[in-house]
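Counting from 1, the numbers follow the sequence of the chain as shown. Every number for a ligand or one of its atoms is a count from 1 in the order of the listing.
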Amino acid sequence: MDNKTITLIGAGLAGPLMATYLAQRGFTVDIYERRDDMRSVNLSAGRSINLALSVRGIHALKEVGLYVKIQPITIPMKGRMIHDMDGKTHLQPYGQRDDEVIYSVSRAQLNKDLMTLAEGTGKVRIHFNHELSTVDLQNNMLSFSHKNTGEIVQKDFTCVIGCDGSASVLRDEIVNKTKARYTKKPLGHGYKELLIPPSDDGQFQLDSHALHIWPRGEYMLIALPNMDGSFTCTLFLPMSGKISFDSMDTGSKISELFQSQFSDAIDLMPTLAQDFRNNPTGELASVYCDPWHFQEKAALIGDSAHAVVPFFGQGMNASFQDCTVMNKLMGDYAGDWGDIFSNYSKLHVNNGHAIADMAIENYIEMRDHVNDPNYIKRRKLELDLEKRFPGQFIPRYSMVSFHQFPYSDVYKRGEKQFRIIDEILRVDPSGENIDRSLVNKLLKS
Ligand SMILES: Cc1cc2nc3c(=O)[nH]c(=O)nc-3n(C[C@H](O)[C@H](O)[C@H](O)COP(=O)(O)OP(=O)(O)OC[C@H]3O[C@@H](n4cnc5c(N)ncnc54)[C@H](O)[C@@H]3O)c2cc1C
């Protein structure tokens, strides 16, 4: 195979985007995807029905020219709408400015549009129903089993990029070959998708410009709006224990849980019992792998490199940013895949690890802290500091969602800022009277 042809595994969210970047640089791309073509067969697109898209993802979609098509099917969400036990709600804005919002988008539509965009370059072929089963990195050979015929198909390659998601087969082989450091850390919590349909006259039944959260300590329910007036709810529960997916084994237990904990949501969920029974329970885990490549032959992007738990709404955004980073390196090292891949691992692995860690921390914040007076005071102080010290103090959530700083820098800067907040509150526990000279001194140090 010539070195102008690149092989990709997986046509989920990251694969077709990476293929488009490659095609725009003149490469021919073969993508092998285990599923059928979701544009012609009615398939679930995967883990979640909708996703939160933010700046890193939008940047990549703009670079390949798809954002103009996607933007009209997005719904801006300006903050977290917290639902208390008594049904009262209050909005915690994500940022200071009107444009500091994140966007709900349909995973299926985005995935379909990305595939069509890639094929539209005339340089990308997607081979559906091909499941990668084994990889021989020494002899540059991939084996696929054809989902319909069971036939084993062998393909040689020059350079292969794994976009095959969190259970990546290519990653397993890279880990074998490089003795890469690799951990898959289960969260011990899972999720299930449920539905709030539109009202009889087709309207949203909750505020459509917010991400709704019912925080309940060890677990939570969230809801994101869809273009058809519905909300997709996701229930996050421990996998085992007193209140868990294991223990929710009868309709009455589910109904009891919702009546007692999510009383303002249950009335809007006429198909709760069926949805709970019929929809799969997904398990959550974080993947840490280092490096993300093998010589000049293979690399990983997206969840195959760094599956993260979904609580920062960054898995897809981070995956799209991988493609942006790889595209820049392709420009810097003009076709030298050894240099492209080694710099990709060197520059970017720490960012994958940082967002994986921040996403776990955000779960605890969302399910447990958002209603804690101390959290609310710190959050208000963060926003005040951002207003009074523009550019010098940026809340961690904003650095992740509204800026494109590398995640590892965000992590480090965020830790320093948390210490600044500790110090301000030590001096003035109310957080109301910000001492400018103290903050200047802390920011400088
Ligand atoms: C409940 C939930 C909610 C989420 N919400 C958000 C959010 O709000 N915002 C956000 O940014 N991210 C979110 N994410 C994360 C996001 O879904 C992932 O980060 C994103 O899908 C990663 O894209 P990917 O292309 O790497 O993997 P995937 O989208 O999983 O695509 C992998 C593709 O590879 C194919 N494949 C797998 N194995 C093989 C094989 N052996 N051979 C051939 N093909 C194969 C699969 O069929 C699939 O098409 C969420 C995740 C979950 C679970």
Side-chain angles (χ1 to χ4, degrees), residues 7-19 30-38 43-58 60 77 102-108 110-112 114-115 126-135 142-147 153 155 160-173 187 189-194 211 222 224 232-236 279-287 300-323 352 355-356 359 362-363 400-401:
T7 304
L8 301 191
I9 313 297
L13 293 173
L17 177 67
M18 190 67 240
D30 281 302
I31 310 184
Y32 293 90
E33 165 58 49
R34 72 175 167 198
R35 294 180 303 198
D36 212 332
D37 185 349
M38 64 170 87
L43 288 178
S44 138
R47 276 95 32 95
S48 62
I49 288 169
N50 53 24
L51 297 147
L53 175 68
S54 53
V55 159
R56 293 162 205 262
I58 291 173
M77 298 180 290
I102 59 175
Y103 297 88
S104 179
V105 66
S106 151
R107 178 192 287 268
L110 181 56
N111 207 153
K112 289 177 193 173
L114 280 163
M115 289 195 281
I126 309 179
H127 308 268
F128 293 99
N129 297 308
H130 280 70
E131 176 162 17
L132 180 67
S133 45
T134 58
V135 181
L142 304 168
S143 299
F144 298 90
S145 75
H146 194 285
K147 288 292 275 273
V153 185
K155 298 280 174 192
V160 58
I161 301 180
C163 329
D164 49 341
S166 59
S168 169
V169 172
L170 184 62
R171 182 185 63 227
D172 290 348
E173 186 54 20
L187 184 69
H189 290 225
Y191 67 94
K192 192 181 280 287
E193 290 196 318
L194 305 163
L211 188 153
I222 67 168
L224 273 73
T232 301
C233 302
T234 312
L235 175 66
F236 294 96
N279 295 348
T281 304
E283 286 200 48
L284 296 168
S286 312
V287 162
L300 303 170
I301 61 171
D303 278 13
S304 66
H306 50 68
V308 304
V309 294
F311 306 108
F312 229 121
Q314 284 296 307
M316 165 188 65
N317 290 287
S319 304
F320 285 1
Q321 191 172 47
D322 296 346
C323 302
I355 189 58
N362 225 41
Y363 185 30
V400 168
S401 303

So if I count the atoms of ligand 1 from 1 in the order they appear, which ones are less than 4.0 Å from some heavy atom of Gly313? 7 (C), 8 (O), 9 (N), 10 (C), 11 (O)

Smallest separation among heavy atoms of Ser286 and Val309, with atom names: OG-CG1, 3.8 Å

Ligand 1 contacted by Glu193 (non-hydrogen, < 4.0 Å): no

Would a 4.5 Å heavy-atom cut-off, applied to side chains only, mark Tyr363 and His189 as touching? yes

Who passes side-chain hydrogen bond (donor to acceptor under 3.5 Å, both in side chains) against Glu131, sequence neighbours left out? none

In terms of atom number and element, which parts of ligand 1 are under 4.0 angstrom from non-hydrogen atoms of His130? 42 (N), 43 (C)

Taking side chain as C-beta onward, heavy atoms only, is Ser319 less than 4.5 Å from His306? yes

Would you mind listing which atoms of ligand 1 come within a distance below 4.0 Å of any non-hydrogen atom of Met316? 10 (C), 11 (O), 12 (N), 15 (C), 16 (C), 18 (C), 19 (O)

Mutual orientation of the aromatic rings belonging to Phe236 and Tyr191 [parallel < 30°, tilted 30-60°, perpendicular > 60°]: tilted

Counting from 1, what ligand 1 atoms have a heavy atom of Cys163 closer than 4.0 Å? 32 (C), 33 (C), 34 (O)

Please say whether Ala14 places an N or O atom under 3.5 Å from an N or O atom belonging to ligand 1. yes

Could you tell me whether some N/O pair between Asn317 and ligand 1 is separated by less than 3.5 angstrom? yes

Below 4.0 Å, non-hydrogen atoms only: which portion of Ile9 touches ligand 1? Side chain, backbone, both or neither. side chain

Do Pro280 and Glu193 have side chains that get closer than 4.5 Å, going by heavy atoms? no

With distance as the sole criterion, is a donor-acceptor pair present between the side chains of Ser143 and Thr134 under 3.5 Å? yes

Atom CG of Leu132 and atom CD of Glu173: how far apart are they, to the nearest 0.5 Å? 9.5 Å

Closer than 4.0 Å to some heavy atom of Val169 - which atoms of ligand 1 meet that? 41 (N)

Using a 4.0 Å cut-off to any heavy atom of Gly165, which atoms of ligand 1 qualify? 27 (O), 32 (C)

For the 3.5 Å polar cut-off, considering only N or O atoms, please tell me whether Arg107 and ligand 1 meet it. yes

Check each atom of ligand 1 against the heavy atoms of Gly302 and keep those under 4.0 Å away; list them by number with element. 26 (O)

Evaluate the side-chain proximity of Lys147 to His130: yes if any heavy-atom separation is below 4.5 Å, no if none is. no

Between Ile9 and the options Ile31, Asp164, Asp30, Val169, the side chain to side chain contact (heavy atoms under 4.5 Å, CB included) test singles out Asp164

Taking the side chain as C-beta and beyond, is there a heavy-atom pair between Leu114 and Leu13 under 4.5 Å? yes

Side chain, backbone, both or neither: which part of Phe144 comes within less than 4.0 Å of ligand 1 when only heavy atoms are counted? neither

Polar contact flag for Gly315 and ligand 1 (N/O pairs, less than 3.5 Å): yes

Using a 4.0 Å cut-off to any heavy atom of Ala52, which atoms of ligand 1 qualify? 7 (C), 8 (O), 9 (N), 10 (C), 11 (O)

Report yes if some N/O of Leu13 lies less than 3.5 Å from some N/O of ligand 1; otherwise report no. yes

With Tyr103, which residues qualify under ring-ring contact (aromatic ring centres under 6.0 Å, His included), at least two apart? none

Ser304 N/O under 3.5 Å from ligand 1 N/O: no

Ligand 1 to Thr234 polar contact by distance, N or O atoms, under 3.5 Å: no

Which bit of Pro310 gets closer than 4.0 Å to ligand 1, counting heavy atoms only: side chain, backbone, both or neither? side chain

Contact (N/O only, under 3.5 Å) between Asn50 and ligand 1: no

